[in-house]
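We number each residue from 1, following the sequence as shown.
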Amino acid sequence: MTSSTTPLVAILSGSASDDAAVDACAELLGTLGIAHERRVLSAHRQPDALRAYVADAEARGTQVFVCMAGMAAQLPGVVASLTALPVLGVPLKGGLLDGLDALLCVVQMPVGVPVAALAVGTAGAKNAAVLAGQILGLANAQIARRLREYRAGLAAGGR
């Protein structure tokens, strides 16, 4: 989101090829009225830039990180190691195991460094937006109201 509003959610992906899933998450965050920003930062190829970004995002008021990655999918775990804020991990398809490798990487975190694991792909990306809304809605009545309205729309047959 490009505005002067503090981005409450930071969406990170390991590659520009992840844009379809990032777009799905960002679109739903927009629908929920949640300020967000997105960055492509590889945990493997840009570790120093990732570390600096996470520290800066926290300082600017980010409250939830959504991290999407395929194959080794270490981005969510690395971000979780750098922050005490909630990290939502979205495994993406890629590699020989069609997303299973990414899913296993996201769910197998050591004690004390949790990552909330969502479904593989676009469904997980959308659910990451909903889960971020649920987390933020605990302290923000407007976000909680918009989330209830969104879910009521789903119950009425919306998408």
Side-chain angles (χ1 to χ4, degrees), residues 1-70 73-92 102 106 109 113-159:
M1 180 169 265
T2 55
S3 73
S4 61
T5 304
T6 299
L8 299 177
V9 176
I11 308 170
L12 302 176
S13 65
S15 170
S17 66
D18 302 333
D19 275 353
V22 173
D23 289 345
C25 182
E27 181 180 323
L28 188 44
L29 287 169
T31 296
L32 296 173
I34 298 172
H36 58 279
E37 64 184 13
R38 52 195 286 173
R39 295 286 185 277
V40 175
L41 288 167
S42 169
H44 299 111
R45 294 184 289 276
Q46 301 166 294
D48 295 335
L50 178 62
R51 181 182 304 277
Y53 174 79
V54 170
D56 181 61
E58 278 191 31
R60 290 183 291 111
T62 292
Q63 296 179 25
V64 177
F65 289 91
V66 173
C67 300
M68 303 184 193
Q74 293 176 353
L75 180 62
V78 171
V79 171
S81 77
L82 299 172
T83 184
L85 295 175
V87 176
L88 313 182
V90 180
L92 301 176
V106 172
M109 292 300 299
V113 190
V115 171
L118 286 299
V120 175
T122 303
K126 290 179 179 181
N127 274 341
V130 172
L131 185 53
Q134 290 173 322
I135 292 166
L136 296 167
L138 292 171
N140 184 314
Q142 290 179 350
I143 291 173
R145 178 187 50 78
R146 288 189 296 263
L147 185 57
R148 284 192 301 276
E149 290 169 356
Y150 168 76
R151 298 216 17 192
L154 291 178
R159 295 189 125 219

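Residue pairs meeting the side chain to side chain donor-acceptor pair (under 3.5 Å) criterion with at least one partner in residues 134-146, sequence neighbours excluded, are R145-E149. The salt bridge (charged side-chain N to carboxylate O under 4.0 Å, His left out) pairs that include a residue from residues 6-16 number zero, where partners must be two or more places apart or lie in different chains. Pairs of residues two or more places apart, or lying in two chains, that qualify as salt bridge (charged side-chain N to carboxylate O under 4.0 Å, His left out) and include a residue from residues 45-56 are D56-R60. Under the side chain to side chain donor-acceptor pair (under 3.5 Å) criterion, the residue pairs touching residues 12-22 are S15-S17, with sequence neighbours excluded.
Atom CD1 of I11 sits about 10.5 Å away from atom CG of L88, to the nearest 0.5 Å. Atom OG1 of T122 sits about 7.0 Å away from atom NZ of K126, to the nearest 0.5 Å. In this structure, L32 CG and L147 CG are separated by 6.0 Å, a value rounded to the nearest 0.5 Å.
Residues A128 and V66 come closest through the heavy atom pair CB-CG1, 3.8 Å. Across all their heavy atoms, A119 and V90 have their closest contact at O-CG1, 3.9 Å. Closest approach of A24 to A125, counting heavy atoms only: CB-CB, 4.4 Å. Across all their heavy atoms, A69 and P76 have their closest contact at CB-CD, 4.4 Å. Between A102 and L92, the shortest heavy-atom contact is CB-O, 3.6 Å. The two residues A117 and V106 make their nearest non-hydrogen contact at CB-CG1, 3.6 Å.
Residues satisfying the side chain to side chain contact (heavy atoms under 4.5 Å, CB included) criterion with R39, sequence neighbours excluded, are L12, E37, L41, Y53. Residues meeting the side chain to side chain contact (heavy atoms under 4.5 Å, CB included) test with A129, sequence neighbours left out: C25, L28, L29. For V113, the side chain to side chain contact (heavy atoms under 4.5 Å, CB included) partners are A80, S81, M109, P110, not counting sequence neighbours. For T83, the side chain to side chain contact (heavy atoms under 4.5 Å, CB included) criterion is met by V54, E58, F65, V79, L85, V87, not counting sequence neighbours. The side-chain hydrogen bond (donor to acceptor under 3.5 Å, both in side chains) test applied to Q74 returns H44, not counting sequence neighbours. In this structure, T31 has no side-chain hydrogen bond (donor to acceptor under 3.5 Å, both in side chains) partners at least two apart in sequence or on a different chain.
For the side-chain contact (heavy atoms from CB on, under 4.5 Å) test with H36, the passing option among V9, L8, T5, T62 is V9; the others fail.
The backbone N or O of S42 sits less than 3.5 Å from a side-chain atom of Q46, completing a donor-acceptor pair.
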Test log, rule side chain to side chain contact (heavy atoms under 4.5 Å, CB included), inputs I135 and Q63: CA-CA 9 Å; I135 292 166; Q63 296 179 25; over 6 Å; no
